[in-house]
Structure formats: C-alpha cells, structure tokens
Enquirer: 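Before I ask anything, here is the structure I am working with.
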Amino acid sequence: MRKNPEILAPVGTEGSLEAAVYAGADAVYFGAGACNARRNAGQFTGERLQDAVRFCHAHGVSVHVTVNTLVRDEERNAVADTIEEIARAGVDAAIVQDLCVMKLIQKICPSLQMHGSTQMAVHNISGVRELADLGFSRVVLARELSIGEIRAIRQETNVELECFVHGALCMSASGMCYLSAMLGERSGNRGLCAQPCRLPFTCNGSDYALSLKDMSHIAHYAEYREIGVDSLKIEGRLKSPEYVAATVDAVRRVRDGEPYSEEMLRSVFSRSGFTEGYYRAERNHTMFGVRTEADAKRSKEAVSDVRALYRAPQKRVPVRAEIEIRAGQAASLSVSDGTHTVKASGDVPEPAVHAPLSEESVKKSIAKTGGTPFYLDAFNCALDPGLMLSASSLNTLRRTALDALYEKRAEPPEREILHPMPEPDGAVRRSTPVFCVRYASEKQWTDDPRIAYYSMPLNVLLKHPAYIRENAAAEVPALVYPDEEKIVVSNLLALRQQGLRYAVAENIGAIRLIREAGLVPVGGYGLNVTNSDAILEYAKRGVQMQFVSFELSAPKIRDLYSAIPLGMIVSGRLPLMQLRACPARTDRGCGSCDGRPVVGDRKGAAFPLVCHARQYSTLLNSVPLYVADKQLPPIDAYAVYLTVESTDEARALIQNTLDRAAYPDAHTTGLAFRNLL
C-alpha cells in the first residue's frame, strides 16, 4: 500500500486559508498576483503572501501558488517579479500553464518546484512524460479522465500525479475553452472566465446543455491511494471558508477510516447534486445540472453547522520534549520537530514544601499544547527530587519553547534567486505570408496553387491517402486518451511510410506522439502560444512551425519574436470547446445522432457540435471568423480553418481568403482587433 495522498485545498481569502489548515489539509493552493487562473479570487502578495506561507509552514502545510495563465511578452517582467516574490516567501511549488513561466522559473529560481496545471490539458501518458522532460515534478491531470485511465498513466510514468477529487467541472477540457473570450472578451486562459456555459444553452431538450454538476469522488479515496495518486485536489478558490472546511474534513475522515456526510457536502454547495460520470467512464445526460434556488437555500442553512470544523487547528506536528529541572539552576526545555530544535529557559525551582514535582505532573503540563499545531510525541524529564515549580512557570516555559519552534518552522528556506532576463531569440519574418488550409474532410478540397500548406484530420488522411503530398500535414486529435496513444503513433507511422512529413499538435502530449512517429510537429492553435518564450520552448521540442493563439490580438502578434515560422487563423469557425461529455447525448445514448447536432443560446444563435468518433466533440462558434480583408500583422502564414462547411461554402471561404476580399455572409472579426482582458 502506498502512502496517503496529499489533501490539497483551495484558498481565496485568509478565512478560507485558516479553514483549510485547521480542518486538516496537507497543502493549499492560491494565487499571487494577476498571473493565475482565478484572478477574481483573493490574491496573496507582499506581507499577505509572507504571512500565509509562514502560517502554513508552521502548521506543517505545504503551499502551492498558481502562476497558471497565459502571458504576453510585455508581461514578462511582472511575471518574473511574481516568481521572485513567491520564491523568497518560501512557496513550495508553482502551478504553471505557460512555457514562458516555466522558463522564467528555471532561470530565476531553479529550486522552486513546478507543477503542470490542469490548464495544460494533460490527459495521457505522452503529456505527462513531456512535462517530466521539461522539468515538472508533478502533473495535475485533466478532470475528464476515468479511474482506469489514471491508473494507466500512473503505471507508465514516474512524476507525481495530482487529481481533482471534488468541486466544479468545466464543460470543456481545461485550457481548451475559448467561449468566455469569444463571447465576452474575458479569457479563461487569462484567469477571467465569466462562466457563460452556466447560462441557458439548449440541445436535445436540455435547457442547460453546457452546465455540468460538480464532481465528488471522495468516497473513492482508497482506490486513488492504491493506484498511487500523490495528491487529491479540491476545486473552489472562489468558494466560502465553510465549503473549504467541509470538503477537507470529508477527505480527511475517509483517509482516517471514518464516515463522512455527502449530504452535508451537497448542502454546502452543489449543482443539483454530484456526478461520478468521468470517474466511472459513464459520460451521459445524468452528468448535467445547474445550481438551483433550493441548492442556494440549503447552503445558507448549512453554514453554521460547518463552522465548528475549523475553530481550532489539527494537532499534526509531533514534537519531542526534553526538560531539565535541577536544584539551583533555571529550568530548561528543549523541543524538536525532527528538523528544528529550540531551547527555552525558565524559573529556578524551589525546595518543595508539600508535594514535590513528579515526572508525571511535569509531562502533563508540557503536553498542554493548546491552540498550536503541535502534540507531544516523545518526552524525557531530568528532575532532581524534592523540587517545586509553579504551574504558571511550567506553562510559560512550554509556551516560550513552542512559540520559538513555531517561528523556526515558519522561516522561509534559503534559496538562490537569480536575475537573468534574456530577451527571446528573434528572427525577421516574411513580408509576404503564404496561405494554409485546414480541411475537415476531403469533400472540402480545393486545388489552388496559392495554398502552400494544408492539413487534414488523421482519420481522413488514413481513408484518403491520395491527399498525402509534400506540403500536407495530419492533424492529431485534440484529445488522445491513454488507450489510443499507441494507435495514433501506429497510424502516423503508416502515413509516414506513404510520404507524410508533418503532423499538427493541438496538445503538448501530441508533440511527443508525432516525434515518436518520426514526423515533424506543427504547433496548432491549441498549444495556446501567446508569447515569444513559449515559441522558443516549443521549437526546442521539435516544433518547426507554430500557429499562435486566436486569443492574441494583431498588435501582440506583430511584436512576437520567433526563430520558426508563425501562422494565424484568419477565417473559419473557431473551436470554442473540446467536450468529453456530449450535450447531445440523451438517456438513449447517441441514438441516431448524425454527429452534427447544434447547441442554441438564449439569443437564438446556433453553435455547431462536431463529434469525433464518439470520443469527444468540438463546439464551434455560431459564425465564422473572417479578418482576411483587414490590415493584418506581418507573419509567415494565414490559415483558413474549415469545419462544417459544405463543398461550396468551403470553396467560397477559401477563395475569399486567398483574394483578401470582403466576406459577404455573417461573420466575426474574433479577438484580433479587441482588447482581450
């Protein structure tokens, strides 16, 4: 049997920090500054950060800080300052999404551990291995994985694995959602998700087709432990202290073999109850739910019952105490937690008039550790006979020693902080961009000499190898789960034998699969590249051309440095979500679905949903992007991104784009000319 997994609690305020620690969390995570995925949660900076880390470390609790949003080139210095601040404060690990942040940590404080954020959408063995090669000590796995898939990843990898065990579920795979950015100019990848998915969206009779219930896998603690999961994470940095305390207490109880109340958890916060759909690989209509007025009422009523869970700290730090009480000299007490040892001096004992001190009475006084995290684990007493020392003197001696030990534990570790801030490597790009096309099917094919490169989904090229040419690329599925990885590599190898040279990666794990097949990776929009450092790091991983994030504005794209060619999508329906729980699935399963259902919003817009072999589906924007007729930044390639277009629609969109002509139909200019937050 492996060690118990860490209980990792969310923190947004000092109140929730105290609730997490006092309720029994082994570690907490919170934000420090703007570069984190919950910018609306309370941030710990300056003295607040230092005090929080000191408090946690004194209580034996680790601190993980989220530095897990996408950054832009002009933000590098601010991010570097944040990294230096958290390193000096003694933070144990940084949770990271962007390879720019990774690079800065490695340059500024190499001893600061890095955890790969769930925003990196790591959902397979290849993704975990890729992060391990990059220097990450832990990977936060995607929430959409089943327990069997987690087991498969654990069996093939050695780095620490962290899994969400309770809390809200995003509709999309984390890091692959652009709905909030496109609809409201508030990017989830920048920490400002407005949660538009919780609004009324309709599909197959459901009124909230993009809203999932919260997950709760606490009852399966033993299986996570048996597999070898290192950390069980609770979602909820925007939630109340009561929520934090209740969930931490529930996990702790299960760990200790005690019963817990799921009804209490449901009362504190839920969306029409909980789901285990991902855990059990039963991804069906029962996973969907929305927060109701009844849910909110129950939460209000449950608050007072939960507060008792965090009124006093858990006694989690064992100490060894050695006391010496000798005639004619000041009493002394030494206490040690195994790492730190402190010594305190007290009063000089007097001859006893009535009842002299005994070892038992002294131990009883020293064991009263009060509102501290300490408990007496071992005790040694050197006591001369016939002496007396008042209870208040012994209490003062104990408090002085334990206070000193508390302060010693709270001191930040000494770390080497470096200050190199090298500029990204740069290269001048072409003044005349080439054109690329992403085809969804062979029926959209246009044989135009102006198209320099093109890609097709891997399964399409397998069926139609005649489209394999020197300038072709196979698009690896955005989501490749563990049981499909070897199949993908085998298929890529088969296409390579037929002349294929390139493959498109929309996820960091896919880069590794492409390299294993001996092909050249092309970085897709899904790698979420928004800065020059990330481009350089992906180039080191073998990427020889990179398409930047469509959340990046034209001026930001213009200022990027790159040693490899860059591209941007200029026309086509943009993918807004990658969904493993399909909203079109009914209680009868997929039924007669043609793989092209539609999700509607409250304003009457229709968002096409594209099924990928019943493994996952992609939610597309209701109208296509079109900026080919605008003043675009100098870049190496402009791309047409085809999805559900008919043959005629695809041909028209391609021709308009190649001609840089105005587009006559309804469209959006996306985020290229907006000030995305």
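Note that the structure is a prediction, hence the values are computed from the model and not measured. Side chains included, hydrogens not; waters and symmetry mates left out as well; all remaining heavy atoms used.
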Enquirer: With no hydrogens and no angle check, just 3.5 Å: does a side-chain donor-acceptor pair link Thr530 and Arg72?
Expert: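 No, no side-chain donor-acceptor contact under 3.5 Å.
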Enquirer: With a 3.5 Å cut-off and no angle check, do the side chains of Asn284 and Thr286 form a donor-acceptor pair?
Expert: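 Result is yes, a qualifying pair exists.
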Enquirer: His220 vs His217 aromatic rings, parallel, tilted or perpendicular, using cut-offs 30° and 60°?
Expert: perpendicular
Enquirer: Looking at Tyr208, I'd like to know if the NZ or CZ of Arg271 sits under 6.0 Å from its six-membered ring centre while staying within 45 degrees of the ring's axis.
Expert: no
Enquirer: Is it true that, when you exclude Lys297 itself, more than 12 heavy atoms of the residues, nucleotides or ligands shown sit nearer than 6.0 Å to its NZ?
Expert: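 No, because the 6.0 Å sphere around NZ of Lys297 holds 12 heavy atoms or fewer from other groups.
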Enquirer: Does a donor on one side chain sit under 3.5 Å from an acceptor on the other, for Arg585 and Ser617?
Expert: no
Enquirer: Considering only heavy atoms from C-beta outward, does the side chain of Arg143 approach that of Cys170 to under 4.5 Å?
Expert: yes
Enquirer: Look at the side chain of Asn124 and the backbone N and O of Gly127, then say whether any donor-acceptor pair between them is shorter than 3.5 Å.
Expert: yes
Enquirer: Counting C-beta onward and ignoring hydrogens, is there a side-chain heavy-atom pair between Val11 and Phe44 closer than 4.5 Å?
Expert: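 Val11 vs Phe44: side chains touch.
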Enquirer: Please assess Leu579 against Tyr616 for the test side chain to side chain contact (heavy atoms under 4.5 Å, CB included), listing each intermediate value before the final yes or no.
Expert: CA-CA 6 Å; Leu579 313 174; Tyr616 69 97; over 6 Å; no
Enquirer: Please report the closest heavy-atom contact between Arg573 and Ser622, naming both atoms and the distance.
Expert: NH1-O, 2.7 Å
Enquirer: Please check if any side-chain donor atom of His115 sits under 3.5 Å from a side-chain acceptor atom of Asn68, or the reverse.
Expert: no
Enquirer: Specify the closest pair of heavy atoms between Gly670 and Leu625, including all atoms of both residues, with the distance to one decimal.
Expert: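 Taking Gly670 first and Leu625 second, the nearest heavy atoms are N-CD1, 3.5 Å.
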Enquirer: Hey, would you say the His166 and Phe274 ring centroids sit under 6.0 Å apart?
Expert: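 That pair passes the under 6.0 Å test.
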Enquirer: Does any non-hydrogen side-chain atom of Val140 lie less than 4.5 Å from one of Phe164?
Expert: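 Phe164 reaches Val140 side chain to side chain.
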Enquirer: Between Ser146 (side chain only) and Tyr278 (backbone N and O only), is there a donor and an acceptor less than 3.5 Å apart?
Expert: no
Enquirer: More than 12 foreign heavy atoms under 6.0 Å from CD of Glu47: is that the case here?
Expert: no
Enquirer: With a 3.5 Å cut-off and no angle check, do the side chains of Tyr29 and Glu162 form a donor-acceptor pair?
Expert: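 Not at all, the side chains of Tyr29 and Glu162 share no donor-acceptor pair under 3.5 Å.
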Enquirer: Tell me the closest heavy-atom pair linking Ala181 and Glu551, and the distance in Å.
Expert: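 Shortest heavy-atom separation between Ala181 and Glu551 comes out as CB-OE2, 3.3 Å.
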Enquirer: Does the Ser187 side chain pair with the main chain of Asn189, one donor and one acceptor, at a distance under 3.5 Å?
Expert: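 It does hold such a pair.
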Enquirer: For Tyr224, does the six-membered ring have the charged nitrogen or CZ of Arg154 within the cation-pi criterion, i.e. under 6.0 angstrom from the centroid and within 45° of the normal?
Expert: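 Not satisfied by the 6.0 Å and 45° rule.
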Enquirer: Counting only heavy atoms from other residues, nucleotides and ligands, does the tally under 6.0 Å from CD of Glu258 exceed 12?
Expert: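 Count over threshold, so yes.
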Enquirer: Going by the rule side-chain hydrogen bond (donor to acceptor under 3.5 Å, both in side chains), which residues pair with His667 if we only count those two or more places apart in sequence or in a different chain?
Expert: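 Expected list: none.
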